[in-house]
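Below: the structure, in structure tokens.
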Protein chains: 2
Amino acid sequence: MPHFKEGLPDARLLEPRDVLGDGEVDERVADLMGALSSSTRVRALFALLEAGELQTGEVSKAVRMSPSATSHQLRVLRDLGLVVRRREGQRVFYALADAHLGVLLKEALYHVDHARLVRGGTGAEET
Amino acid sequence: MPHFKEGLPDARLLEPRDVLGDGEVDERVADLMGALSSSTRVRALFALLEAGELQTGEVSKAVRMSPSATSHQLRVLRDLGLVVRRREGQRVFYALADAHLGVLLKEALYHVDHARLVRGGTGAEET
DNA sequence: GTCACATTTGAAGAACTCTGCAAATACAGT
DNA sequence: ACTGTATTTGCAGAGTTCTTCAAATGTGAC
């Protein structure tokens, strides 16, 4: 049993305040976002979002990195439960583990876009 | 003018496919998410989301870390344009840089929650 | 079994991140 | 000017991450 809350009413939706409690919610969020904190993995995930399902070699091309490096990163994503794996002969297919991840990816993209259009620079131009 | 696209029609919304192009979109997303990839920063951001505005010392308590460590992390967030700073006497107040970041944070929280309720474990229980 | 292909693994090094400490700076009050 | 409080900075060490290389594994065809 994966306990992870700490006195959380279990069937309740998590609220922002829950992140500040004693649970592990903050770490869960950090781990999730950590998965999206390398451009290689970001490319891999967006490629999967677009294509639905891709072989390792195809992901490798999409991220422009060696098959080995790609496999390492896909493992990271898999360990975090963000992608799922399916074998077919010698090929291995990967896909996003669930639809909501797509929503999150698009939200992140929207934020970046928003920042691009609204602020010009880095946002750190005060002294 | 902050160029960052690479032949992007500028006033267009970014689409998932844009991440796979030659631009820097993938890195932008990765950098953004990297900001949310430490539990200290996640706590800080959620504390700011809840409170609206907090002094460094208050953030420090919320994240349960030394003022120094907190200041270091707030600087990271500021450099990325995620929080803004306002001085009032000796106190310094921080706040989320824009409302959409709150949306993104809640989306991340929702995803974690979703994963908690749907999958039990880590999602990596295949051999 | 051997060959070819796709993928994964382990080890290793460079690069980076996070935190704490001590010292520095900023400001307000006396 | 001096004291106290709030915050920031630079440094350094422990720890982590990312990529590459070489070797291993899995699978199908002959």
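What you see below is based on every heavy atom in this structure, not just the backbone, and it leaves out hydrogens, waters and symmetry mates. We name chains A, B, ... by the order of the sequence lines, and we start the count at 1 in each one.
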statement: B:Glu27 atom CD is separated from D:dC18 atom P, nearest whole Å, by 14 Å

field: Separation of atom CZ in A:Phe93 from atom C1' in C:dT8, rounded to whole Å
entry: 17 Å

query: Rounded to the Å, how far apart are A:Asp31 CG and D:dT17 P?
result: 9 Å

query: For residues 57-76 of chain A, which residue pairs qualify under salt bridge (charged side-chain N to carboxylate O under 4.0 Å, His left out), counting only residues two or more places apart or in two chains?
result: A:Arg64-B:Asp22, A:Arg75-A:Asp79

query: What residues in residues 42-58 of chain B put a non-hydrogen atom under 4.0 Å from any atom of DNA chain C?
result: none

- request: Specify the separation, in whole Å, of atom CZ of A:Arg75 and atom C1' of D:dC18.
  value: 16 Å

message: How long is the straight-line distance from CG of B:Leu32 back to CG of A:Leu36, given to the nearest 0.5 Å?
response: 9.0 Å

Write down the protein N/O and nucleotide N/O pairs, taken from nucleotides 26-29 of chain D, whose separation is under 3.5 Å; answer none if there are no such pairs.
residue, atom, partner, partner atom, Å
D:dG26, N2, A:Gln90, NE2, 3.4
D:dT27, O2, A:Gln90, NE2, 3.3

- request: Can you tell me the distance, in whole Å, between the CZ atom of B:Arg91 and the C1' atom of C:dA26?
  value: 13 Å

Report all side-chain donor-acceptor pairs from residues 92-104 of chain B shorter than 3.5 Å, counting only partners two or more places apart or in another chain.
residue, atom, partner, partner atom, Å
B:Asp98, OD1, B:His100, N, 2.6
B:Asp98, OD1, B:Leu101, N, 3.3
B:Asp98, OD2, A:Arg119, NH1, 3.3
B:His100, ND1, A:His111, ND1, 2.9
B:His100, NE2, A:Glu107, OE2, 2.6

message: Contact list please: residues 61-70 of chain B against DNA chain C, heavy atoms, distance less than 4.0 Å, in numerical order.
response: B:Met65, B:Ser66, B:Ser68, B:Ala69

- request: Quickly work out the A:Leu74 CG to D:dC18 C1' distance and round it to whole Å.
  value: 14 Å

query: Is any side-chain nitrogen or oxygen of B:Arg85 closer than 4.0 Å to OP1 or OP2 of D:dT8?
result: yes

Pair listing, side-chain hydrogen bond (donor to acceptor under 3.5 Å, both in side chains) test, anchored in residues 29-45 of chain B, at least two apart: A:Asp26-B:Arg43, B:Arg41-B:Gln73

task: Answer yes or no: is there a side-chain heavy-atom contact under 4.5 Å between B:Pro16 and A:Leu109?
output: yes

Acceptor/donor pairs from residues 45-55 of chain B side chains to any protein atom, 3.5 angstrom cut, sequence neighbours excluded:
residue, atom, partner, partner atom, Å
B:Glu53, OE1, B:Arg86, NH2, 3.0
B:Glu53, OE2, B:Arg86, NE, 2.8
B:Glu53, OE2, B:Arg86, NH2, 3.3

message: Determine whether the aromatic ring of A:His72 stacks with the base of D:dT17, defined as ring centroids separated by less than 5.5 Å and ring planes inclined by less than 30°.
response: no

query: In whole angstroms, how far is the P atom of C:dT8 from the CG atom of A:Leu77?
result: 12 Å

message: Of the options C:dT8, D:dT7, C:dC18, whose atoms approach the side-chain atoms of A:Ser71 most closely?
response: C:dT8

- prompt: Which whole-number value in Å describes the distance from B:Tyr94 OH to D:dA6 C1'?
  reply: 11 Å

- request: Check B:Leu82 against B:Ala35 and note the closest heavy-atom contact, atom names and distance.
  value: CD1-CB, 3.5 Å

task: Could you pull out all residues at least two apart from A:Glu15 that satisfy side-chain contact (heavy atoms from CB on, under 4.5 Å)?
output: A:Arg12, A:Arg17, A:Asp18

statement: Smallest heavy-atom separation, A:Val59 atom then A:Ala44 atom, equals CG1-CB, 3.9 Å

